[in-house]
Number of protein chains: 2
Amino acid sequence: MRSYNRSVARLSFRQKVLRDREDAIVASVNRLLAAKGFDLMTVDEVAADVGIAKASLYKHFASKEALAAAAMVRVLEIALQLVAALQADASLDAFDRLKAVTRWALQTQLAGEMPSLPAQNSTLRNALMADRGYVDRLIELSDRLGEWISAAQASGRLSRALPPEVVLYTLFARACDPVPGVLRAGGSYEDEQLIEWVLATCFDGLATR
Amino acid sequence: MRSYNRSVARLSFRQKVLRDREDAIVASVNRLLAAKGFDLMTVDEVAADVGIAKASLYKHFASKEALAAAAMVRVLEIALQLVAALQADASLDAFDRLKAVTRWALQTQLAGEMPSLPAQNSTLRNALMADRGYVDRLIELSDRLGEWISAAQASGRLSRALPPEVVLYTLFARACDPVPGVLRAGGSYEDEQLIEWVLATCFDGLATR
DNA sequence: GTCTATAAGAGGATAGAC
DNA sequence: GTCTATCCTCTTATAGAC
C-alpha cells in the first residue's frame with residue numbers, strides 16, 4: 001500500500017516535471033514564433049533557449065511542425081479562457097466582447113507572445129490540420145466568436161452588410177497584423193494609445209464617422 | 001563610321017535582350033514571392049521558372065535579396081504610375097484616390113502579383129534598406145499617399161482622430177492582408193464582391209455606420 | 001529522457017569550361 | 001553570360017551511449 005502510494009506519488013511527480021518541461025518548451029516556441037515566425041525559427045534555437053539538447057526536444061515533440069502546433073494550442077486555450085470570462089460578464093454585449101478579445105490579441109502581439117504562422121507554408125498547414133487538438137480548439141473558438149458576431153449584427157452594432165465569415169477572418173487577421181509592431185518601431189506612441197488606434201481602424205474604419 | 005553605328009546598334013540590341021531577360025526574371029520572382037513568400041521561395045525555383053541555370057541568374061542579380069528588391073521596385077514603380085494617373089483624374093478627391101489605390105492593391109494581390117515580404121526577416125530588411133532604388137521609390141510612394149491622407153483629413157472624409165502615419169501603415173498592410181486570399185479559398189464569393197467587402201472593412205470598419 | 005555526434009538533404013552561392 | 005558541377009553552410013532529424 002505504502003509502496004503503491006509512493007510509486008503513484010513518484011509517477012505523478014515525474015509527470016509534473018515532464019509537463020513543466022514541456023510547458024517551458026512551448027513557452028519558448030511561442031516567443032520565438034512571435035519574434036521570428038515559423039520559417040526563421042530553428043529547432044536548435046528552441047533547444048538552446050530551453051536549455052536542453054535538441055535530441056531531447058524530439059523526445060517531447062515529433063517535429064518542428066508539432067512544436068508550432070503546441071504553441072498554437074496554447075494560445076487558443078488562453079483565448080478560449082478569455083472568451084469564457086467575457087461570456088460570463090453580463091455587463092458586456094456581444095459587440096463589446098468582440099472588441100475586448102481583439103484588444104487582448106493586439107496586446108498579446110505587442111507583448112511578443114502571439115505566435116504568427118505563415119498562411120503560405122503548406123507543410124505546416126497540413127500538419128496543423130491533421131492535429132486534432134489544434135483543429136478542435138480553432139473550431140471551438142470560431143464557433144464562440146461566430147455566435148457573438150451574429151448577436152452583434154442582430155443588435156445592430158456590427159455591420160449587417162458583411163457576412164459573418166468576413167468579420168471572423170478579419171478579426172483573426174488583426175491578431176497577426178504587422179501594423180502595431182511597425183507603429184511601435186516608429187517609437188512615437190505609447191502602446192495603449194497605439195492599440196486604441198488600431199482597434200479604431202478595425203471597428204470604425206479609416207473614414208470619418 | 002558605319003562600323004561605329006553597327007557596333008552601337010548591336011550593343012543596344014544586346015542590352016535589350018538582357019533587359020528582357022531581367023524583366024522575365026523579375027516577373028517570375030514577383031509571382032513566386034506572391035505565391036510562397038520570400039523564405040519559401042528558392043533560387044532554384046526561380047531559375048527553373050525562368051528556364052535558365054541558377055548560375056546565370058547570379059550574373060544578373062547578386063543575391064536572393066537582390067531578386068526580392070527588384071520585384072519590390074517593379075511593384076512600387078507600377079504603384080507610382082497608378083498614383084500619377086489618379087492624381088491626374090480631376091474627378092476624384094483625395095479620399096477617392098486612396099480608396100482606388102487600395103482597391104488596386106487588393107486586386108493585384110488576388111491576381112497573385114503582389115509580392116509579400118516578411119517584416120521579420122532582418123537580413124532581407126537590411127538588404128532592402130541598403131537598396132537605393134527600393135528606398136527612394138518607397139519614400140516617393142509614401143510621400144504621395146501622405147499628401148492624399150492629409151488632404152482627405154482636411155476635407156473631412158478621412159478620420160482626423162488618426163495620425164497620418166497610422167493611416168499610411170494601415171493601407172500598406174492591407175496590400176498584403178491574408179483576408180482576401182482566405183475568403184477566396186472559402187470559395188463562396190466572387191472576387192469583385194470580396195474586394196468590396198475588404199475595402200468596406202478597411203474604410204468603414206466592422207461596426208454599423 | 002538526456003546527452004554527443006552525425007546522418008541526410010535542402011538551399012545559397014561559386015568555379016571554371018565554353 | 002550561359003552552362004554543368006560542386007562547394008559549403010545551415011537545418012531537420014536520428015543513432016546510440018549513458
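In what follows, chains are A, B, ... by sequence order, proteins preceding strands, each numbered from 1.
- A donor-acceptor pair under 3.5 Å is absent between the side-chain atoms of Arg74(A) and the main chain of Val26(A), judged by distance alone.
- The residues Arg174(A) and Asp177(B) are annotated as salt-bridged, a charged nitrogen and a carboxylate oxygen being separated by less than 4.0 angstrom.
- Between the Arg137(A) side chain and the Glu77(A) main chain, no donor and acceptor come within less than 3.5 Å of each other.
- Centroid-to-centroid, the aromatic rings of Trp197(A) and Tyr189(A) come within less than 6.0 Å.
- A heavy atom lying under 4.0 Å from DNA chain C marks the following residues of residues 57-65 of chain B, by number: Tyr58(B), Ser63(B), Lys64(B).
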Between protein and nucleotides 4-7 of chain C, what N or O pairs are separated by less than 3.5 Å?
none

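- The closest donor-acceptor contact from the side chain of Arg144(B) to the backbone of Val83(B) lies at 3.5 Å or more, if one exists at all.
- Between the side chain of Lys64(A) and the main chain of Met41(A), a donor-acceptor pair closer than 3.5 Å is present.
- At least one donor-acceptor pair under 3.5 Å links the side chain of Thr42(A) to the backbone N or O of Glu45(A).
- In the set dT12(D), dG1(C), dG12(C), dT12(D) carries the atom at the smallest distance from any side-chain atom of Asp44(A).
- Under the side chain to side chain contact (heavy atoms under 4.5 Å, CB included) test applied with Lys36(A), the options Asp39(A), Leu33(A), Leu40(A) reduce to a single match, Leu40(A).
- Annotation: proximity of residues 115-130 of chain B to DNA chain D (heavy atom, distance under 4.0 Å) is found for no residue.
- One interatomic measurement links the two molecules: CD1 of Ile52(A) to P of dC3(C), which rounds to 6 Å at whole-angstrom precision.
- Within the 4.0 Å cut-off from OP1 or OP2 of dG1(D), not a single side-chain nitrogen or oxygen of Arg21(B) is found.
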